[in-house]
Amino acid sequence: MPTTTADRTDSTDPAGPTTTSVHPRRRSGTARAAGLVGAAVALAAICVLSVSVGAESLSFPQVWRVLWHDDGSNAALIVHNLRVPRTLLGLVVGAALGVAGTLTQALTSNDLVEPGMLGVNIGASAAVVVGISVFGVTSASGYVWFALLGALLASTGVYLIGIGGRAATAPATLVVAGAATTAVLGAFVNAILLLDTSTFDQFRFWDVGSLAVLGSGSLRATGLFMLAGLLLALPLGRALNALALGDEAAQGLGVHVNRSRALGAVAVVLLCGGATAAAGPISFVGLAVPHVARRIVGPDHRWLLPYSAVLASILLIASDLVGRTIIAPGELQVGIVTAFVGAPVLILLVRRARLARA
Amino acid sequence: MTTSTRNTRRRPTIRSRSDALSVRISPRAIVVGTVFALIATTAGIIALTTGDFPIPVADVAATLLGNGDPGTTFVINELRLPRILTGLLVGTALAVSGAIFQSVSGNVLGSPDILGFTSGAATGAITVLLVLHGTTSQATLGALLGGAATGAAVYALSYRHGLAGPRLILIGISFQALLASVNSYLITRASLGGAVTAKVWLIGSLDSRSWEQVRPLVIALALLLPLALYLGRSLAYLEMGTDTAKALGIDVERRGLALIAIGTALAAVATAAAGPIGFVALTAAPLARRLTGSSSPPLLTTALAGAALVTVADLAAKQLFSPTQLPVGIATAAIGGIYLATLLVQQRRRT
């Protein structure tokens, strides 16, 4: 492993190439729970902020009043039809992306991977392009179904090519299968966009990833998928911990290896398909958040999954908030802000980390 | 310098008297390299003869020897030849750059497209195109600056008590994500016409490339390629990991830095000329390696593979949807993706 140069004196690295290293600082359950509660409080605070701040300046008491008493005023309209749905969308999409990221990294034993690399984003993009170009879809609510279908089909395809019916084969093939699918579908998308410029004109706005474009309808259409994915994913923590020790060890610990992998894969597809359909391709959240979470709670997936959900929601809602206030009354799409917020954080973490896994 | 135990006996080796320079010759590598060269040449000849204005091979030959009529001379010398040469040179540069990065980072994912260098070059170029409203040749300068700046930043941030492959890749991916989102943002801000121009640029195109692109490419490759081939001999050791390479007497830090500088320069020059043509850097090296069965990165074969890949892809993109011409980057991505998928299926059959 070419990591020794970065190792420090407290190195306790008994890890083989497939295992997560033992974290040097053990954290007690109470400390982790307290941290999670703290993060949840921060999330609640940022949600309140997201509802009360926006292009139209409304005072906080005013927002608070119309939030509970819909009096039909302009302010109530803004809060109920724009800000609350948008915040809820950020909450659910964020949680979905964070959990999907952690799951993907665990299932592929590769922390350089994010779900977008496994065909989800490109599948959704390809289907949306077909929807606009062939079926003449113009409304945002129409995109949702195409994106969902495309994401589901492409990621299922990637899993089938990558796993090939044998769940035990090297997870690295999943990444390669994802890269292959991304390349081929990407070529298809680009070809259509260049042959049909009016489609390109619509598509380029979906492509950046935004919580605003699709509105509240998208959450109603996709929320169930994401919730199902979350319910499926959160109990997998123990199984993922065992899988990190290698398939044989996991089996020895009484984990159904193939069933856990399959459940995890289904959850990733539901979560990412739903998120991409709801808000467009938002990259980087699924890659960066698990790294941050791992720095905070260590490699235990029972804690990593909920932490990733909360942290990713915070990142997404905060990024959206920054995006719509920084150049108000204009708006910077959330996908751009997450990259700008997430990249420096990840770079900082990577520079400080010992990178126990090669 | 050869340390490979099994193959040395069978393989003829050319050595200078002091043994300072030695080249091991693998018959299989020569065959594979020749095949790639033939493919590239054939694609080039087909590209010279076909198009909106078909020219028979005999006339092409006459024109190249300086005996063509003015019309043909213009089409061949000013339109088709520069395009083909740009494709060949860009393919070579990208392939060698990819091979270097993959070996130094010890990971197939460590190609310049994934490490963000080509995205950086693209950001530089479309900033010039869309924000400063510059011309295409000014965009070239933007691409060079963007690529070099990104390369320097990624290297500076990844370097900490030495250069670890995973850190390089993670930081590269971070930059890639950052710059890609800048690129899509710039595209949403532009007029539709500007956005299409930028999109074509982002995909990578050889359309209407002239001697203006060929000349700097030739100069850059004449300088960089011999250096890459010379220093590239230590890539096999770097792949063994920092410690092993050090134990074998390689100055890992300095070699790594020199090779990365060369790889970045190659990627930036290629991207400046033709945009970030995807997948050439990623696939050429593994392809060459598989076909030659070599244990060390075969840079020369890789270079030829890259040249063949780009010329064939450009021909396909030009002819498949004719009269509409698609940029070459679409074809390289499709070819690269299908290649990767076949590789996976083959692997599965074997196990």
Side-chain angles (χ1 to χ4, degrees), chain A residues 1-7 111-112 114 161-162 164-166 169 173 175-177 179-188 190-191 193-195 197-198 200-201 204-205 207-209 283-284 287-288 291 332-333 335-340 342-344 346-347 349-353 355 357-358, chain B residues 106-109 157-158 160-167 169-171 173-175 177-182 184-185 187-188 190 192-193 195-196 199-200 202-203 241-243 278-279 282 317 321 324 326-327 329-345 347-348 351:
Chain A
M1 292 200 316
T3 59
T4 39
T5 41
D7 279 358
D111 50 15
L112 303 181
E114 71 163 335
I161 301 174
R166 291 167 36 134
T169 39
T173 54
V175 181
V176 184
T181 312
T182 304
V184 174
L185 287 178
F188 167 77
N190 281 334
L193 291 181
L194 289 181
L195 295 174
T197 22
S198 61
F200 178 46
D201 203 14
R204 60 183 170 141
F205 295 103
D207 195 34
V208 280
S283 60
F284 216 64
L287 178 69
H291 281 271
L332 211 54
Q333 288 86 348
I336 294 161
V337 185
T338 50
F340 264 87
L346 185 60
I347 290 172
L349 286 179
V350 170
R351 276 183 62 76
R352 290 175 54 188
L355 279 178
R357 281 202 278 177
Chain B
N107 193 319
V108 194
L109 285 180
L157 287 171
S158 316
R160 188 163 175 272
H161 314 299
L163 200 66
R167 186 160 50 219
I169 292 177
L170 258 182
I171 289 182
I173 291 178
S174 310
F175 267 87
L178 195 73
L179 295 167
S181 77
V182 172
S184 6
Y185 175 69
I187 282 186
T188 60
L192 183 56
V196 171
K199 183 85 185 165
V200 170
L202 279 178
I203 296 169
T242 314
D243 294 345
F279 257 82
L282 193 69
F321 292 89
T324 312
L326 288 176
I330 289 183
T332 53
I335 294 172
I338 292 167
Y339 161 75
L340 276 180
T342 355
L343 212 69
L344 278 180
V345 173
Q347 258 174 4
R348 205 156 67 223
T351 46

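FYI, side chains are in, hydrogens and waters are out, and symmetry mates aren't considered; it's all heavy atoms of this structure. Here is the naming used below: chain letters follow the sequence lines, and residue numbers restart at 1 for every chain.
Taking chain B as the reference chain and counting heavy-atom pairs below 4.5 Å, the highest number among A:Leu195, A:Leu287, A:Thr338 is found for A:Leu195. Here B:Leu157 is the residue among B:Ile187, B:Ile171, B:Leu157 with the most heavy-atom pairs under 4.5 Å with chain A. Interface check for chain B: of the options A:Ala339, A:Ala288, A:Ser198, A:Gly335, the most heavy-atom pairs under 4.5 Å are formed by A:Ala339. Interface summary for chain A: among B:Ala190, B:Gly336, B:Ala317, the most heavy-atom pairs under 4.5 angstrom belong to B:Ala190. Contact count versus chain B (heavy atoms, under 4.5 Å) is highest, among A:Val184, A:Leu185, A:Ile336, for A:Ile336. Of the listed residues (B:Gly329, B:Ser184, B:Gly278, B:Ser181), the greatest number of heavy-atom pairs within a distance under 4.5 Å of chain A belongs to B:Ser181.
Contact check for B:Leu178 versus A:Phe284: no side-chain heavy atoms found under the 4.5 Å cut-off.
Applying the side-chain contact (heavy atoms from CB on, under 4.5 Å) rule to A:Phe188 yields the partners A:Ala126, A:Val130, A:Ile192; only residues at least two apart in sequence or on another chain are considered. With sequence neighbours excluded, the residues that form a side-chain contact (heavy atoms from CB on, under 4.5 Å) with A:Leu194 are B:Val196, B:Lys199, B:Val200, B:Ile203, B:Leu326, B:Pro327, B:Ile330.
Within the 4.5 angstrom heavy-atom criterion, only side-chain atoms of A:Leu193, from C-beta onward, approach chain B. Only the side chain of B:Phe279 comes within less than 4.5 Å of a heavy atom in chain A; its backbone stays farther off. With a 4.5 angstrom heavy-atom cutoff, A:Phe340 touches chain B via backbone and side-chain atoms both.
Here the closest heavy-atom approach between residue A:Ala183 and residue B:Ala333 is recorded as CB-O, 3.4 Å.
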